[in-house]
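Reading through the structure tokens given below for one structure.
Side-chain atoms are counted along with the backbone in the values below, which use heavy atoms only and exclude waters and symmetry mates. So that the names make sense, note that chain A is the first sequence line, chain B the second, and so on, each numbered from 1.
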Number of protein chains: 2
Amino acid sequence: MQSFTEENYLKIIYHLSVNNDQAVQTNAIAEKMQTKAASVTDMIKKLADKQLVDYKKYQGVHLTQTGRQAAINIVRKHRLWEVFLVEKLNFKWDEVHDIAEELEHINSAELVERLDEFLSFPKNDPHGDPIPDKHGKFDAVPFTKLSKLKTGEKGLIMGVSEHSSAFLKHLEKLGLTLGKTLTLTTITDFDGSVEIIVEDKKISVTREVAKHILIRI
Amino acid sequence: MQSFTEENYLKIIYHLSVNNDQAVQTNAIAEKMQTKAASVTDMIKKLADKQLVDYKKYQGVHLTQTGRQAAINIVRKHRLWEVFLVEKLNFKWDEVHDIAEELEHINSAELVERLDEFLSFPKNDPHGDPIPDKHGKFDAVPFTKLSKLKTGEKGLIMGVSEHSSAFLKHLEKLGLTLGKTLTLTTITDFDGSVEIIVEDKKISVTREVAKHILIRI
DNA sequence: TTATTTTTTTAGATTTGTCTAAATATATAG
DNA sequence: CTATATATTTAGACAAATCTAAAAAAATAA
Ligand SMILES: [Mn+2]
Ligand SMILES: [Mn+2]
Ligand SMILES: [Mn+2]
Ligand SMILES: [Mn+2]
């Protein structure tokens, strides 16, 4: 069993290594953990002792199979709790992350399985992210960024790649929530911002925002 | 804000001081916390610094008003989560305590209020214990122990004063669950065990078990 | 009231996770 | 290839919560 801190490190290493088979760097972990590189080195050694990461000095870390399983299990819990908070307790999608950060550390396999069942085995969390099943399996559908769409293309909003409350609230205000259909009408040369139509309304979205909206064409 | 450990100390001091206005002794806390008296002294000093307990060397502790509020809030969360686990996730009443011990530390006032609402503002937890409202208020109805009933008296099972899984499973097996009506037929002089009738079945219950079954006549 | 037992506190160490400052290794640039 | 910049590690310290062993206070018994 891992401490909360160890679990947080594992999860962060996991997120930094998904879509990227390079070793995860000490500094990258330090930034996400909001701590110092020296602390990360200490923890990496501990995780390596426990065989949760492979580590060579100055070369960064890779999760081991065991470490990856542990990380995915935490991600599974995080996302299931987020679904619970939104679907059952009527929280908004921008309000659930911090609470799920705590709930993900609750330690009971039975609880997770029953929660999954209670929620009717959801496939995605409120932000469109896939929920691993009890064996850690999930299909990572590769979506297109709104910023990559071409003029005239139609798409369905499937997820976001930025989870800050500010960003999510902004999307909410614009009506750009999961499941909405949009059509890209114009790409502005000047700043890369895009004009789209959602539910018959014309909306302009900055390139920065468009980069974090995930689309299925 | 308190650490998990501080919260556990507060809760234990609360439970040791309810129905008892004497100061809570260091050793009593140590036993409940499964730790050593020396550690308790250390923590007591810390809680006293934070004005959560009143403490005089060698004289034990009392919760302050603030400390009591904090403790009651943890009890509230514990019991609400137990209701959730039983009512929504179909856990049995003997399976929920340990999970609730973890969930009670989740830190979000909004979460607790919404959970309370989701559960339709339950008044009691799965063991019959009262759930404090958001202001910390609850009515502590004083029940009678089954061991105090007289021959021929009828009663309704309202709660238990022992929460171990072994004890609760035992009651379950005997059909002695909350809400059941029973009639006491015989008190055995020899060992104080009692014969009762529940749902037309005759059952014999040892005095030790009868002491922990709470009855409303 | 004196002796003995029980309870509580202190002193000093340990573990976990963190930090700063300094040292070392790696990467990049000229 | 050498100098400089960046990234990482080490050394040493600290705060939180715990422990053991010893000292001190309070309670109980003789
Ligand atoms: Mn999240
Ligand atoms: Mn999410
Ligand atoms: Mn309980
Ligand atoms: Mn209970």
Taking atom P of D:dC14 as reference, at what distance in whole Å does atom NZ of A:Lys36 sit?
17 Å
Starting at CD1 of A:Ile29 and ending at P of C:dT18, how long is that distance when rounded to a whole Å?
12 Å
Looking for any heavy atom pair under 4.0 Å, which part of the strands does A:Thr26 touch: base, sugar-phosphate only, or nothing?
sugar-phosphate
Any Lys/Arg nitrogen of A:Asp139 or A:Lys123 sitting under 4.0 Å from an Asp/Glu carboxylate oxygen of the other?
no
Strictly below 4.0 Å: does B:Tyr55 bring a side-chain N or O up to OP1 or OP2 of C:dT8?
no
Taking the side chain of A:Tyr58 as its heavy atoms from C-beta onward, which of D:dT18, D:dT8, D:dA26 lies nearest to it?
D:dT8
Look at A:Gln25 and D:dA7 and indicate whether a side-chain polar atom (N or O) is within less than 4.0 Å of OP1 or OP2.
no
Shortest non-hydrogen contact from A:Lys150 to A:Leu184?
O-CB, 4.0 Å
B:Lys50/B:Glu6 ion pair, N-O < 4.0 Å:
yes
Is there a side-chain polar atom (N or O) of B:Lys45 under 4.0 Å from OP1 or OP2 of C:dT9?
no
Strictly below 4.0 Å, N to O, side chains only: are B:Lys11 and B:Glu7 in salt-bridge contact?
no
Under-4.0 Å salt bridge between B:Lys169 and B:Glu172:
no
Please work out if A:Lys56 contacts a base, only the sugar-phosphate, or nothing of the nucleic acid, heavy-atom cut-off 4.0 Å.
nothing
Whichever of A:Tyr9 and A:Lys57 has its nearest DNA chain C nucleotide further upstream toward 5'
A:Tyr9
Nearest-nucleotide pick for B:Thr35, side chain only, options being C:dT10, C:dC19, D:dC19:
D:dC19
Respond yes when some side-chain nitrogen or oxygen of A:Asn27 is under 4.0 Å from OP1 or OP2 of D:dT8, and no when none is.
yes
Provide, to the nearest angstrom, the distance between the CG atom belonging to B:Asp42 and the C1' atom belonging to C:dT14.
13 Å
Any side-chain N or O of B:Ser39 less than 4.0 Å from the OP1 or OP2 oxygen of D:dC19?
yes
If each of A:Gln59 and A:Met33 is mapped to the nucleotide of DNA chain C with the nearest heavy atom, which maps nearer the 5' terminus, i.e. the 5' end?
A:Met33
